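Below is one structure, written out as structure tokens; the observations come after it.
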Amino acid sequence: MPPVREYYERLSTVLGPQHWWPAKTQFEIVVGAILTQNTSWSNVEKAIANLRAAEMLRPEAILNVPMARLARLIRPSGYFRQKAKKLKAFCRFLEQEYGGSLARMFETPTVELREKLLGVFGIGPETADSILLYGGSHAVFVVDAYTKRILQRHRWVHEKTSYDQLQSLMQSAMPQEARQYNELHALFVQVGKNWCRGREARCSECPLEPFLKESR
Ligand code: SF4
């Protein structure tokens, strides 16, 4: 079992609070979680700024706007036609299941809501878990490519380890608490961006370097 609590404590001490998710409303978190698929956050910010300027950061506005206009507004986030369909699919789901209320949606028990979200077009496990954790404070750990890369390089998992396996590994090594899952995910993103990069691992400068030896 990876020493996840120790990772968390070390990274919190070195990097401090991460203040995620950078959004003004719950709906903006949902929109960001969908738009961030396969692109960088700076592109998502441009798309969200366009939606805000057009007063479209409301479920009913997304439902009513023509698809072509929505796609144009979110163009900076890439794959914009697909993502326009995904945003509309989520808003339709919200309207049909919860009368358009995110508050009602987030009152649904975690396992049940996760299943329902995974049934919506364009929502996979990482997006569903981002919505649950950052939008609704449900205690689910969000696994991403950084999580996998870090655990793989520390030899706790391998290339074929699945999303669900990674998630249960992380969750069983930490108290089941949204605040800590929120923070650790954000801290891992910092490690992945700054030190544990795809082509290059800058271990000698990385805060997780002390854990490298014991995993080998
Ligand atoms: S950069 Fe090195 S020490 Fe840091 S997380 Fe990656 S493998 Fe571990």
Side-chain angles (χ1 to χ4, degrees), residues 1-23 29 32-46 48 77-79 110 114 118 123-216:
M1 177 87 69
V4 178
R5 283 186 200 220
E6 285 83 355
Y7 290 177
Y8 175 72
E9 279 160 21
R10 169 92 179 132
L11 293 174
S12 300
T13 305
V14 175
L15 300 174
Q18 298 298 299
H19 306 294
W20 271 40
W21 181 290
I29 292 172
I34 291 171
L35 295 184
T36 201
Q37 295 171 355
N38 304 307
T39 195
S40 68
W41 186 252
S42 58
N43 291 334
V44 175
E45 284 177 325
K46 289 175 199 152
I48 287 182
S77 69
Y79 303 97
T110 307
R114 189 173 193 271
L118 289 173
I123 297 190
E126 186 181 338
T127 307
D129 290 335
S130 297
I131 293 170
L132 284 163
L133 177 65
Y134 290 103
S137 297
H138 285 257
V140 289
F141 186 81
V142 180
V143 173
D144 63 4
Y146 297 126
T147 314
K148 188 168 185 177
R149 188 189 301 154
I150 292 165
L151 292 184
Q152 210 174 324
R153 285 181 172 164
H154 286 245
R155 302 201 182 169
W156 293 108
V157 302
H158 48 80
E159 183 53 41
K160 291 196 173 153
T161 306
S162 69
Y163 184 100
D164 289 348
Q165 288 169 325
L166 274 159
Q167 187 180 49
S168 74
L169 189 67
M170 294 297 291
Q171 293 188 172
S172 54
M174 295 268 290
Q176 213 183 352
E177 203 189 281
R179 192 184 57 79
Q180 291 198 27
Y181 289 165
N182 172 330
E183 204 59 22
L184 183 60
H185 174 77
L187 289 163
F188 268 20
V189 170
Q190 286 305 316
V191 172
K193 281 185 174 169
N194 293 309
W195 300 286
C196 204
R197 297 178 176 175
R199 292 195 182 162
E200 177 199 18
R202 299 180 169 179
C203 301
S204 60
E205 301 153 33
C206 176
L208 293 183
E209 193 274 339
F211 300 98
L212 202 52
K213 286 198 192 91
E214 66 192 48
S215 63
R216 294 201 161 153

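Counting starts at 1 for both ligands and their atoms, in listed order. All values reported here derive from a predicted model rather than from experimental measurement.
- Note on ring orientation: taking the six-membered ring where Trp is involved, the planes of W21 and Y134 are tilted (angle from 30° to 60°).
- At a cut-off of 2.8 Å, C203 coordinates atom 2 (Fe) of ligand 1 through an N, O or S atom.
- Contact atoms of ligand 1 toward V191: 5 (S) (distance under 4.0 Å to a heavy atom of the residue).
- Residue-environment remark: OH (Y79) stays at or below the threshold of 12 foreign heavy atoms within 6.0 Å.
- Under the 3.5 Å distance criterion, the side-chain polar atoms of Y163 are matched with a main-chain donor or acceptor of V143.
- Of all the atoms in ligand 1, the ones that sit under 4.0 Å from a non-hydrogen atom of W195 are 1 (S).
- Atoms of ligand 1 found under 4.0 Å from any heavy atom of E209, numbered from 1 in the order shown, are 3 (S).
- Between the side chain of R149 and the main chain of C196, a donor-acceptor pair closer than 3.5 Å is present.
- Atom 4 (Fe) of ligand 1 has an N, O or S atom of C206 closer than 2.8 Å.
- Taking all heavy atoms of R153, H154, Q152 into account, the minimum distance to atom 8 (Fe) of ligand 1 is reached by H154.
- One N or O on the side chain of T13 and one on the backbone of E9 form a donor-acceptor pair closer than 3.5 Å.
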